[in-house]
Structures are given as C-alpha cells and as structure tokens.
Amino acid sequence: MTIRQRRRFRRRPFRTALILLAVAGVALAAPLAATAADTYVPISGAGSTWAFNAVDAWRVDVGQYGMRINYAGTGSSDGRRQFLNGTTDFAVSDIPFQFNPEDGSPPENPASGSYAYMPIVAGGTVFMYNLSINGQRVTNLRMSGANIAKVFTGALTSWDDPVLAADNPGLTLPKQKIVPVVRSDGSGSTAQFSLWLIAQQGQLWRDYCGRVGRAGACGETSYYPTLPGMIAKFGDLGVAGYVSQSYAEGSIGYVNYSYALNAGFPVVKMLNAAGYYTEPTPDNVAVSLVKAVINKDPKPELYLTQDLRGVYSDTDPRVYPLSSYSYFILPTKVQGQFSEDKGKTLGAFSYYFMCQGQQEAPSLGYSPLPVNLVKAGLEQVAKVPGVNKQSISVAGCNNPTFSPDGHNSLVDRAPFPQDCDKQGAVQCGTGSGGAKQTTPTKAPVAPTAAAPQQTQPQHTRPAGGQQTTQAGQGPTTQRQPNAGGNPTTSSPAAGVGTTARTVVRTTPAGQHPSGPTRTTARGAKPNVKITARSAPAVAATSAAPSCDADTGVCSGAAGAQTTDAGTGSGGDSGGVTVLAQSVPLAGTTGWGPTQTLMVVAGLCALLLILLPPIVARQLNRKRTSP
Amino acid sequence: MITGATGAGATLVEAAGINENLVNAAGDDTALPDTDSAVTVHGTGEFKKMAFTVNQTSNLVNQAISVSWTGGEPTDNVTGIANNYVEIMQCWGDPVTAADGSKGPPPENCEFGAQSLKYVSGTPGVRVASQVREYQDRDRGDATVDVPFHAVDGKSIPLMTDNSYNLTLPVRPWWLNPYFDYFSTNEIPYAPTYLDGRGSQLFTTDTGLEAPGLGCAQATQVQANLPPKIPKCWLVIVPRSNNSQEHGGQPPFDLDSGVQGAPFQPRVWAHRVAVPLEFKPLATPCLLGADERRIVGSELLAPAMSNWTPTLCASAHNSPFNYAPLSDNRARAQLTGASVGGAGMSVVSRPLDPKSIPAGATVSYAPLALTSMVVGFNIERALVDPASAPGGQVPAAEVQLAAKRLQHINLTPRLVAKLLTASYQQSFVAVPEGANYDWARKNPPNVAFDPEFVKHNPEFQLLTGGVGQGQSGLVVELSSSDATYGLWQWIKSDPEATAWLAGKPDPDGMKVNPFYSTSPKVNPSKQGIGLPMDNFPKNDPYSFKQADAPSSFPSLGMVDLLPYQNSFRAAALATRIADLGDRTVYSPENSGGPVGYTPNGPQIQGSRFVLSVTDAASAARYGLQTASLRNAAGKFVAPTTAAVEAGLRAMTPSAVPGVLLSNPETTSPDAYPLTNLVYAAAVPTQLDVRSRKDYASFLRFAAGSGQTPGVSFGRLLPGYEPLPIELRRQALAASAVIDAGGSVGPTSTKPPTTGPTSTPVSTPPTTRSSAAPAFPIPSQLPAPTNPATVSHSTSAADPPPADPPTTAQGDPPVVTRSAPGAGGPKTIKGPAKATSSSPSPKKASATVTAGNTSSSSGAPAPVALRTPRDPVTPPILPIVLGVGLLAAILAPFISRKRIRH
C-alpha cells in the first residue's frame with residue numbers, strides 16, 4: 001500500500017502535497033468524513049442455543065449501524081422448522097437439514113435453491129461437570145473419548161471406576177454416581193455429539209441404541225435417546241443450569257463452551273489423538289478445525305457443510321476433538337416473510353459478524369472463523385436476494401484470524417498443552433472452563449509451574465534464533481482469587497499475553513523483552529518444526545527451570561506459579577487467548593499510528609522529490625543572475 | 001407508599017369492620033407521566049364517554065409511550081376473548097376523511113395482525129386469533145373487511161400471501177409479510193378496560209428502522225419521480241364494543257365468546273381515535289465496516305451502552321465501540337489477561353484484587369454509570385375469595401380494580417430470601433411426600449399468602465396470587481454478577497433473614513427449604529450455603545414426571561419449573577410478557593419433538609404474577625414496576641433518584657483507592673440498598689496509543705453528555721441516575737491518565753458526600769491531548785439533570801431542546817423543562833455552579849492535576865496525576881507539522897511548469 005501511495009505521490013506531487021497538508025494540519029485525528037449510511041429493515045431469526053451467546057451479542061452490536069435483528073434461541077431443530085415454514089428470515093443450526101433423519105423425526109425437505117449454508121462461528125461442545133473431592137471442586141478432570149462415550153451410554157456409572165482413574169492419575173475420584181445430562185429438545189449439539197459417537201465409538205453407540213429401543217434407527221440424531229437415570233433438559237441453559245446445582249454433584253452434561261464459562265464451571269479435558277487432554281479454548285478450536293473438511297460439492301444441501309472426522313483423529317497436541325462450526329441457513333430466494341429489503345440487512349449483518357463480530361468471539365467463549373470460511377461464507381451471502389454485493393467484500397474484513405498469507409493466524413500462536421496434560425502418570429492441577437482454580441493433585445504431579453513457556457515458538461522467535469524470554473521468571477505472583485472471588489492471573493508487566501507466549505530457546509535467563517515481540521516477528525517464516533508432541537518427560541520436581549531446546553517446553557521454574565497464560569486452559573481467562581491482531585486487508589477506515597507514519601513517509605518522499613529541483617533552481621538563479 | 005403500615009392491616013379490619021382503607025394501597029396507576037405533548041382525545045358515538053390520553057406525541061424516538069383511558073365499558077372477561085376492549089396500533093399516511101367526517105390514516109396503512117402468530121396455542125387474552133384479519137374473514141366470508149397492508153414504500157401486501165393457508169395445520173402461519181412479524185410488531189390487539197372504566201397500556205413507538213412498513217421518521221421514496229418524503233405517522237386506538245353494536249344488532253354469527261374480527265370493519269373503524277405522532281429525525285447510524293473498539297463487562301451497563309454507541313461513533317475521531325456483556329468475574333479476568341485482540345477495557349462493579357494485577361501495571365478506574373438492581377414485577381390484581389377476605393367481603397372499590405396492575409410492593413430481605421430458596425409450597429408441582437419435605441407442609445402456598453408479605457403489603461388481604469411458579473420464586477439469570485453478590489449481602493445483613501436461612505422459622509412458622517439453609521445442621525448436604533453468593537443456585541434436587549408422559553420423557557426439576565434466563569434483560573422481558581419459559585406440558589400430539597415437553601406459555605391476563613431480579617434500566621425498558629426494598633434502617637425504599645443517590649453516598653471505599661463499593665448494609669434511611677456503581681477499568685500501559693485515545697474519548701463522553709437523561713441515542717436511559725459531579729471529574733481524570741498512558745490511579749478515596757445539586761468547586765481536570773479530543777472535556781460540567789419522577793419504570797421524555805445526538809459534543813449545561821400536569825417530570829433547577837478555570841484542553845501538559853473533588857463536606861484530597869511521557873507514541877506531530885510547514889513554505893516557489901521543466 002505504501003509503495004502504491006508513493007508512486008502516486010511521484011506522479012502528482014503538488015496536488016498530493018496540498019492534500020497532505022490538509023491532512024496534517026487539519027485532520028490528523030479526524031480522518032474520514034462519514035458518507036451517507038445505509039438504512040436497513042428488521043429481520044428475525046431462530047435456532048441454535050449452542051451459538052446463541054454469539055448471535056445474541058452480534059444482534060445487539062449492530063444496533064448502532066441501524067440494524068434491528070431479532071433472534072430466538074429455540075434450538076436448531078426448531079430453527080430449521082421455522083425456516084421451512086417461512087416464519088423466520090434466517091435460521092441458525094449446528095447441523096444441515098435432515099433429509100433422511102434416522103431418529104424418527106420427520107424429514108425436512110427444503111425446496112431446491114431456496115437456501116444456502118454459511119458457517120458463522122466455531123466452538124467446542126464441552127462436557128461440563130460438577131464433581132468434588134472432599135468438598136473441594138474438581139476443575140482438572142480428564143477423560144478419554146471411550147470413557148465419555150461410556151458415560152453417555154450408561155456403561156460407566158461411578159466416578160471411582162478404574163478406567164477413569166487411568167485418565168486421572170492425580171485425582172482420587174469419589175465413589176459417586178455419574179449422572180449424564182443431555183438435551184431434551186432437538187439439538188445440534190446432540191447431533192454433533194452423536195456424529196462423533198458414530199465415528200469414534202461406533203460399537204458403544206450401536207449397542208446403546210439397541211438398549212434404548214432405537215435399534216437400527218440410531219445414527220446421527222438431534223434427539224438424545226435416554227436411559228433411566230439420565231437427565232434431559234431444554235437448551236444449553238437448561239443443561240448448564242442443572243449441572244451447576246449443588247445437588248447435581250456427579251453430573252456431567254454437554255453444552256457449548258460459553259455456557260460453562262458463564263456458569264463458572266469446569267469442563268472435561270478430552271483426550272485427543274495425540275495423547276493430550278485439552279479443552280476448547282479459542283486457540284485449540286482454531287487448530288482443531290484446520291482438519292475439518294468443508295464440503296465443496298456445489299449442491300446446496302452439501303456445500304460448506306462440515307465433515308469433522310479429520311478433527312476427531314487429528315494428531316496435533318492442541319486439538320479438541322469436539323470442535324465444530326455453527327451455521328446460518330440463508331434464504332436464497334424471496335419466500336415466506338423474506339424480501340429483498342431484508343436480504344440487504346441480512347447481507348450487512350452477515351458481513352458484520354463474519355468480520356468484525358469475530359473479534360469478540362473469544363471473549364464470549366467461541367473461536368473466530370478462519371479466512372477461507374469467511375470468504376466462502378461471504379460468497380454464500382452473495383446468493384441472498386437483495387444483498388449489496390459490493391459491501392460484503394472480504395477486503396477490509398476485520399476478522400482477527402486473517403494473516404497476510406491467508407492462513408489462520410490463530411493456529412500459529414495457539415499454545416501447546418502443558419506436559420502434564422499428556423496422557424501419563426502426571427496430571428495438571430490447572431483448572432478449566434469457567435473454573436480456573438487449581439485442583440490439588442497427587443504425586444507424581446507435574447509442576448504446574450513454567451507453563452507459559454510451552455508455546456509454539458515460530459512466530460515469536462527473533463530471527464537470530466536467540467533465546468527470548470521466560471515469562472515465569474519475572475515478578476510473577478501467585479494466582480489468587482480477587483476481591484470478587486474469581487481466579488485471576490498475574491503475569492509480568494510487559495506485554496501480558498505476549499511475553500507469556502514467547503519461548504525459551506536455550507536458557508531460562510529470565511530476560512524480559514522490552515516490549516511485545518510478536519509484532520516484530522510478524523510474518524517471519526517459521527523455522528522450527530512443531531515437535532512438542534514428542535516432548536520428553538519432564539522431571540517432576542526440578543528446582544531449576546529446564547526447557548527443551550527444540551520444543552520450548554519448560555518445567556519446574558522455581559517459585560514460578562501457574563499462570564493462565566500458556567496453560568492452554570481457558571480462553572476466558574484472558575492470558576490464554578492471544579489472538580492475532582486484526583490485519584485489515586484494505587479499505588480500513590480510521591486513523592492510527594500506521595496512517596500517521598504513512599503520511600510522514602509520504603511527506604519525506606515528497607521532500608526527496610522537491611528538494612533537488614528546488615536546490616537546483618536556486619543554484620540556477622544564482623548562476624544566471626548577474 | 002405504605003411504609004409504616006406494618007401491622008396496621010388487621011387493626012384496620014377490626015376497627016372498621018370493612019377494610020376500605022386497604023383498597024388500592026398498592027396503587028394502580030402504572031402509566032408514564034404526561035409530557036408537554038400529552039394529548040387527550042374523546043371517543044365518538046357509543047364511545048363518547050371515553051377519553052384517551054397519550055402521554056407523549058412529539059419528539060418521539062423508538063420508545064415507550066403510555067396510552068390510558070377513562071369512561072369505558074368494562075371488558076366483560078379480562079382473561080378471555082370478550083366484549084369491550086381496546087386495540088392500539090401505529091399507522092402511516094396522509095389523513096383521509098372517513099364516512100363520518102373523522103380524519104386519520106386509512107386502515108390499510110396500519111401495522112396489525114401479526115401478534116396472533118406468536119403463540120401456537122395458549123391463552124386467549126394474548127393470542128386473539130379471531131383478530132387476524134384473514135382468519136375472521138374466512139370465518140365470516142365478510143368481504144368488506146378484506147384489508148391488505150399498504151406499506152409506505154408503495155407495495156401492497158394482499159390478504160394471505162401464503163397459498164397453503166390451512167386452518168388444520170397447527171403451526172401454519174396464515175399471513176406472512178416482509179414488513180412485520182410477531183417479533184417486531186408493536187400492535188396491542190387486546191387491551192382490557194377494567195371495572196372502573198379505565199385502562200392503560202404502554203405502547204412502543206417504532207421508527208422506520210423498527211417498522212419499515214410504516215417508515216416513521218424516515219424519508220421514503222414512494223415513486224421514482226417524487227422526492228423522498230417522511231410520512232405522517234399516527235397512533236390509532238380502536239375501541240371495541242360488542243357483537244350486537246358492531247353489527248347493527250345483527251351479528252353475522254352467533255359468537256357468544258365476544259366481539260371478534262379485525263378492527264378495520266367499517267362500523268368499528270368509524271370509532272377509531274387517530275392521534276398524530278411527531279418523531280425526531282432519525283440519527284445517522286454508524287458506518288458499517290470500521291474497526292470497533294471493544295469493551296467487555298457488567299450487564300448493568302449494557303442498556304446504557306447500546307444507547308450510547310450510535311452517538312459515540314458519530315464523532316469522526318472514534319472507532320465505533322463494541323460492548324460484550326460478561327459476568328464481572330470474567331470481565332476482571334479478561335482485563336488482567338488483556339492481550340492482542342482482547343478487549344482493553346472492562347466494566348465492573350467491584351475492583352480487581354490488587355494482587356491479581358501484574359507488577360508494574362496500574363489499573364485506572366473511571367466511574368461510568370449509577371444504577372440499581374431491582375426486583376421488577378408484573379402483578380395484576382386477582383381478588384381473594386370473599387370468604388377469606390377480612391370482614392368476609394371484598395370492598396366494592398377493590399372489586400372495581402380487579403385485574404389492574406399493581407404499582408407498589410414492599411419486600412423485606414427475608415421475603416426475597418424466601419422467593420430465592422424454593423420455600424413456598426407452589427415452588428413444587430406438589431410438595432413431595434415423605435419426611436424430607438415435612439418442613440414445607442405448613443409453609444404458605446406462595447408469597448401472596450405469606451403473612452409476612454401481607455403484613456408489609458396489607459392490600460394482599462384482598463388479593464391473591466393464583467397458582468404457579470411465578471408467585472413462588474424470582475425469575476433470575478444463570479450467570480454470576482457483582483450486583484447479585486450485593487443482593488445476597490443485603491439479605492445476609494438482615495438478622496431476620498439470616499436467622500431464617502439458618503433454619504429458624506419465621507414468626508408465622510414458615511421454614512426455609514433446607515437445601516438452601518446456611519446451617520450445616522439443617523442443610524441435607526451437611527454444608528450450609530455460604531453467603532454472600534454471586535449467583536442464584538436452585539439447590540433443591542426435586543424431580544417429578546407428568547403422570548401420563550411416556551417413559552422416554554425426561555423427569556422435570558427446578559430448572560424446568562422456573563427456568564434460568566440468559567441475562568437481566570431476558571429476565572425483565574420474561575416478566576413483561578409474563579412468560580416464564582417453562583416447558584412442562586405433555587400432550588400426546590406434542591410438537592416438542594420426540595422427547596420434548598411443550599411450552600406452558602404466558603400467564604393469563606388479569607392475574608399475572610411474575611417477579612424477577614433485573615437491572616433498573618431493563619425494568620424501565622420493559623415497563624416493569626419495581627419493588628421497594630427494606631434497608632437496614634428498616635425503611636422500605638424504592639429505587640428512586642433520591643434513594644439511589646443516597647445509596648451512592650452510603651458506598652464505602654474499597655481496597656483500591658478511588659473505587660467505591662456498594663453498601664447494601666447501609667443504615668442510611670433514604671438509601672436504596674441495591675445501588676450499583678459501575679466502573680470502567682483499563683491498564684493504560686497495556687494499550688497502544690490509538691486504543692488509549694479511543695477509550696479516553698469514550699470516558700469523556702460517558703462523563704459528559706452521556707450523563708444527560710433521555711431516551712434518544714447518546715442519552716442516559718431511564719434506570720440510570722446521572723453521576724454526581726465528583727464522579728464525573730474522577731472519570732475525566734481517569735480518561736486523562738488513560739489518554740496519556742499514565743500509570744497513576746485515579747482520585748477520590750472517599751465516597752461522594754454530595755448529591756447532584758451540590759456545588760462543585762474548583763478546577764476541572766485538564767488533559768494532555770495531542771489533538772482536539774473527540775469528546776472534549778466540557779469546560780463546564782453540566783448539572784446532572786434528573787427528572788424527579790417517582791418510579792423507575794417510567795421512561796422520561798427527552799429534554800425538549802432538539803439536540804440531535806450526532807451533535808452531542810459537550811453538553812447543554814442546563815436542561816430546563818416545563819412540567820405540565822401532575823406527575824410530570826419536574827423542572828430541573830438551575831445549573832450547578834461549575835465555575836471553570838479550565839485551561840484549554842488542547843494545551844499539552846506533562847502534568848495533570850485531577851479535579852479537586854473537595855465539596856461542601858470537605859474533602860477528598862486532590863491527587864496529582866503524573867502522566868509520564870508517552871513511551872509509545874513517537875513525536876509524530878512535530879515531525880508532521882514541521883514537514884508540512886516546510887512543504888507549505890516551499891510550495892509557492894515551485895510551479896508545476898517549472899517542475900515539469
């Protein structure tokens with residue numbers, strides 16, 4: 001951009017000079033006059049409760065742009081039903097239309113050419129649980145996929161079952177009944193969960209279907225079949241509301257991650273194919289969905305739908321297996337109460353949340369959509385009648401995952417799990433979900449110290465390959481509940497969430513970078529392979545910090561305490577979620593240091609052009625004048 | 001208010017034999033106060049005794065107005081479809097003259113008929129299917145009322161655009177149109193007239209943004225060759241009588257159930273009352289696509305923020321702002337973990353634990369908004385059986401008020417504790433058998449029957465609460481919040497409530513549900529609940545199953561009977577529509593899916609009874625009444641302006657200098673105990689220069705014109721009280737610190753000791769600013785202006801001087817308003833004598849002195865705010881100006897020709 005601008009300056013220096021003068025003198029902080037804003041008509045939608053917390057936030061956000069959006073979280077099945085009835089302008093669903101439902105619900109038959117799918121936000125379906133040991137809440141529970149399947153098919157009924165002890169070597173789980181909590185309404189979360197069960201735990205699921213009387217018709221289902229002893233509740237709020245009660249001790253239910261954060265409850269760290277137990281932080285979800293196959297079959301009933309089997313078996317240590325997308329179902333023709341005027345609103349609203357709205361996704365407990373899906377999604381939006389196609393260009397999209405070369409920048413920066421999150425004899429005490437407080441663990445216990453160093457090195461390493469820093473060595477203080485009773489994190493002062501992510505290369509010298517290092521390293525080619533998954537075992541009680549030269553995995557920094565940053569646990573706690581800064585591709589409005597610097601550069605270029613002829617002319621005059 | 005009526009109820013009954021004195025003790029006037037544009041119009045013909053008053057008809061935005069009437073025939077069946085009711089709608093268009101000479105918009109131009117789509121089945125009072133124009137047409141074959149909808153853009157929606165109209169399909173929409181649906185319509189299809197001949201409704205006036213078919217306040221191009229035009233808009237009130245009168249003595253069908261059919265039938269429409277509505281011009285919305293500046297935090301600020309953001313972006317200096325409501329806990333955690341891509345500012349009621357803050361970082365706090373947590377309610381007067389009324393009869397005057405909304409109730413901490421602990425019998429479908437629930441057997445069925453409640457609300461000797469969950473508990477949210485923590489503090493500070501929660505029965509023998517007991521001996525879990533909490537647990541493991549439900553159906557429990565809401569706002573909305581969101585109905589042909597129950601739907605009109613915990617602004621938005629709470633001084637206090645200001649004065653210092661904590665335990669007799677003050681918190685050293693400028697600008701706005709009450713964009717919505725001058729100064733000082741990237745915390749460690757009318761003194765803070773700030777520090781802080789309305793559930797009209805929000809730079813220092821009519825907003829007194837010796841805000845200064853917050857009582861010492869040199873910003877300005885100057889000097893010497901040459 002700068003180069004182009006310079007060229008322009010060369011061509012038309014004087015006009016440019018005048019313009020620049022105007023800018024510099026008058027409007028340094030008042031860059032762009034607003035042009036006439038568009039007007040929008042109200043639109044209404046219904047569906048997913050999984051995505052509700054994101055959609056509801058966006059709905060409110062666009063009020064300032066003159067849009068009036070209504071959204072009812074009535075469940076994915078109801079959203080699709082309303083869309084088919086024409087009583088809603090758009091639907092939000094976690095799964096596609098069910099042409100051939102296998103669970104006995106009526107088939108859904110949208111007219112061909114009447115709809116298109118668009119992924120809107122990524123997130124994790126989590127297992128929120130309520131469990132205590134000796135009166136102290138467990139926050140670090142780990143479970144393998146097989147054990148989760150057994151719990152939700154009635155094959156595992158007590159928390160002190162030895163198979164769960166194998167997942168949790170650091171905990172002495174109580175002899176307590178396991179109470180699975182499922183959704184009572186037609187739910188995309190249930191559908192996602194059942195798809196995973198079919199793909200990963202097929203035998204358990206088929207056996208279960210036989211037992212609950214759905215033999216032969218128990219494939220993917222939006223309606224979870226229950227056994228006596230299971231609890232079923234309406235919506236994510238119902239499930240989270242139940243599990244969070246004191247009497248629900250021993251219960252475990254599936255909800256979107258954001259509900260566990262809101263309820264202040266922990267979530268199961270789920271074993272992935274790499275042998276790590278993870279939770280769906282925004283970072284981890286972004287990594288996981290790299291392996292999601294997005295269907296490019298142009299048939300509308302398939303296009304952009306997700307095939308998550310690759311996610312289930314991905315061997316990146318950061319993967320959370322039950323990561324998925326939620327979808328808008330967009331109308332592609334005028335039908336029901338939908339009109340072209342509404343299409344214009346729907347297009348603008350979609351553009352907002354695919355771009356800007358994704359910035360707040362991590363705060364809310366979701367993960368932003370990557371650029372490829374934003375592009376494909378906006379192409380879907382273009383099919384909506386009435387959409388102003390020029391206004392939904394991906395250029396200028398303030399999506400936080402965008403990187404200059406187009407890949408998901410979250411993936412680069414996503415921290416690796418702690419070593420103690422690896423399957424094995426040690427278990428992190430670090431909390432999860434909405435409950436960050438540490439749970440005491442039995443020996444052998446990996447120290448939770450030095451967690452912040454276990455991060456992915458590539459983008460934070462200075463080009464010279466020298467050691468950078470170790471966050472845990474600074475004036476780190478112990479995590480303590482604050483006045484409001486919530487756990488918070490402390491980190492070194494300089495660049496919280498930045499230094500914490502930098503990587504110890506060779507020595508834990510404890511020098512702190514003077515400022516954020518990431519920005520300087522932006523765009524640097526990764527020169528280190530990700531090898532964290534082969535990280536060596538860590539000495540449990542090492543007094544001095546030691547860090548692996550290749551992976552940057554450190555442990556045992558004396559005196560350093562766990563910080564949220566870098567534990568890979570909890571997008572909510574702030575320190576964890578390091579998101580890429582928005583990289584506007586073009587057309588960004590607003591005035592910032594960058595723009596100022598551009599002006600300065602432009603002026604310098606101008607001077608470079610102007611000075612020689614001026615000097616030359618002055619010299620000429622002197623010469624020619626007698 | 002009936003404060004002090006303690007125990008008087010019984011005495012009155014005995015003394016007088018008849019308890020007329022109790023009648024209307026709780027009030028029934030829930031209308032909004034009149035403004036100077038209030039209009040009263042009389043009915044015609046058979047309705048000529050009726051007089052309709054609209055409290056505001058000009059200067060309107062998208063807001064609530066109130067429509068009330070007198071002299072009507074009482075609706076003969078408030079709970080069902082009946083005779084004699086009122087329909088209200090909004091219309092557009094130039095007036096046409098009806099056959100009887102009356103003028104108004106044509107019926108085709110009115111938004112009406114969508115409400116009946118809302119509830120598939122359920123309560124007649126809400127879903128009045130027969131009023132759907134096409135339904136009644138079908139039933140009657142009456143061609144004369146075949147009324148299409150003419151939208152303002154020239155399009156016409158014919159009757160029934162959906163070809164598959166079929167009454168046998170249960171959920172089939174009969175009428176789909178792109179302009180309004182049941183989410184968005186503002187029609188009131190069924191407003192009862194009570195036995196006293198009066199009625200009252202809140203009506204939402206929609207601009208073209210909300211109702212594009214009407215296009216009010218919006219220029220619409222109807223024809224290509226005509227210039228865009230802003231349409232005339234109307235409020236149309238259609239009184240209905242009975243079938244005989246509406247059809248000239250010969251109703252087309254024998255419809256015993258009452259008058260049905262669209263209000264557009266000529267005989268009915270002839271009696272409409274059309275009131276012109278004048279809207280303010282629409283504010284220019286923000287431009288989509290600019291990168292937003294993010295703030296996260298307390299739900300208490302969410303309503304204010306959504307009203308502020310359209311104005312904030314109007315300054316070309318600012319990014320648009322984005323506010324994501326989170327629990328205070330999460331907001332605090334996100335602040336200390338602030339990172340690239342995270343929000344740089346959090347909004348909280350309680351400060352961060354200093355220990356949680358990274359060394360070297362300093363959190364700056366700026367007071368943002370003063371509001372309160374309330375118990376909002378929607379209660380209609382249901383009369384007791386005369387036999388159980390004192391004196392064996394219900395006074396005639398009380399009978400006259402039947403089904404009207406209550407205006408006041410009083411709640412003690414113990415009563416709120418009872419409502420939060422599932423301790424009334426009707427918290428359960430049926431109190432379970434067995435010794436474990438023996439505690440409940442002598443408890444009252446619900447709060448309306450609780451002697452303690454009746455004692456403090458004596459009119460409830462004559463009123464009942466029907467049956468159900470609404471009368472037995474509070475609608476609450478699942479998330480945690482600092483405000484909720486304050487509510488439990490308030491309960492905990494009351495000796496009666498704590499004793500009762502510990503297991504001691506109240507004087508009438510009512511016991512706590514042991515699952516909520518604070519005593520480990522009483523609580524079956526062997527652990528008492530710890531107070532205060534920051535959320536609302538539903539501790540009772542009660543579970544039941546509908547007898548006829550199949551085995552595949554799940555059992556139901558407390559979270560099903562009185563479900564959690566997603567937010568304070570959702571709780572207020574549920575209260576307004578009297579729909580708890582419970583789904584416990586099993587019907588064999590249910591539409592809830594293979595294992596679902598169907599929604600119970602809203603409560604029946606005329607005996608609604610819902611109470612919720614919400615914020616004052618959400619309560620005001622949805623027109624809820626708010627309970628008076630008994631404070632530690634023993635007084636019942638409503639969240640009025642004065643009481644909330646007293647609550648502010650009662651606040652105590654926190655561990656963080658300059659940050660006050662709510663004091664729900666205050667013994668100040670005037671203080672509302674659940675007063676909340678929310679702060680913006682930011683760590684300036686973690687922010688880049690651009691975000692610091694934005695946040696500082698936001699704070700200047702919030703401390704400046706953002707504190708002017710009103711409902712237009714940029715104003716402080718009803719439910720908030722303007723911050724006193726000291727706190728606004730503190731916010732401005734914090735904005736200066738943030739602007740400068742400074743690291744010294746804000747000022748004032750003492751609670752403000754003065755109200756809004758105090759005399760502010762001394763120097764407003766200056767700010768270091770390299771350019772004209774987007775929202776300049778007002779050289780003179782305006783007197784916070786308070787409409788001295790008694791209730792927070794009123795939405796005050798905007799101050800009349802038309803000051804478009806887009807020009808909200810600084811503030812009109814005084815807002816004076818004429819206050820016609822009783823109950824109107826009081827005139828604001830003169831300006832606070834803010835004498836300004838403010839240096840120019842443009843003057844760069846390395847040292848900023850915070851506003852001297854000394855006040856009449858003396859004293860918070862001024863704190864010097866060092867603003868260290870901005871470490872991030874390079875000295876751009878001098879360079880640019882220098883270079884620019886150089887270019888300007890040189891430019892005249894060079895002509896284009898010469899350079900080409």
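A, B, ... follow the sequence lines: proteins, then strands. Residue 1 opens every chain.
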Measure from the side-chain N and O atoms of [X] to the backbone N and O of [Y], and report whether any donor-acceptor pair falls under 3.5 Å.
X: A:Gln337; Y: B:Tyr179; answer: no
X: B:Asp291; Y: A:Asn398; answer: no
X: A:Gln64; Y: B:Phe321; answer: yes
X: B:Arg330; Y: A:Ser363; answer: yes
X: B:Arg583; Y: A:Phe234; answer: no

Roughly how far, to the nearest 0.5 Å, is [atom2] of [Y] from [atom1] of [X]?
X: B:Leu326; Y: A:Asn262; atom1: CG; atom2: CG; answer: 7.5 Å
X: A:Tyr65; Y: B:Cys313; atom1: OH; atom2: SG; answer: 7.0 Å
X: B:Lys155; Y: A:Ser339; atom1: NZ; atom2: OG; answer: 7.0 Å

Any idea which heavy atoms bring [X] and [Y] closest together, and the distance?
X: B:Tyr564; Y: A:Leu237; value: O-CD2, 3.4 Å
X: B:Glu292; Y: A:Gln356; value: N-OE1, 3.1 Å
X: B:Leu478; Y: A:Ala240; value: CD2-CB, 3.9 Å
X: A:Asn70; Y: B:Ser184; value: ND2-CB, 4.2 Å

Top contributor to chain A contacts, counting heavy-atom pairs under 4.5 Å, from [options]:
options: B:Met305, B:Arg569, B:Gln527; answer: B:Arg569
options: B:Asp153, B:Asp540, B:Ile529; answer: B:Asp540
options: B:Val296, B:Asp560, B:Val348; answer: B:Asp560
options: B:Ser567, B:Pro212, B:Pro541, B:Gly581; answer: B:Pro541

Against chain B, work out which of [options] has the most heavy-atom pairs shorter than 4.5 Å and name it.
options: A:Gln82, A:Glu340, A:Gln245; value: A:Gln245
options: A:Phe338, A:Tyr259, A:Tyr242, A:Tyr351; value: A:Tyr242
options: A:Leu364, A:Val60, A:Asp56; value: A:Leu364

Does any backbone or side-chain atom of [X] lie under 4.5 Å from a heavy atom of chain A? Answer side chain, backbone, both or neither.
X: B:Arg293; result: neither
X: B:Ser479; result: both
X: B:Ser327; result: neither
X: B:Pro537; result: both
X: B:Leu556; result: backbone
X: B:Gln218; result: side chain
X: B:Asn566; result: both

Any donor-acceptor N or O pair under 3.5 Å, side chains B:Asn322, A:Gln359: no
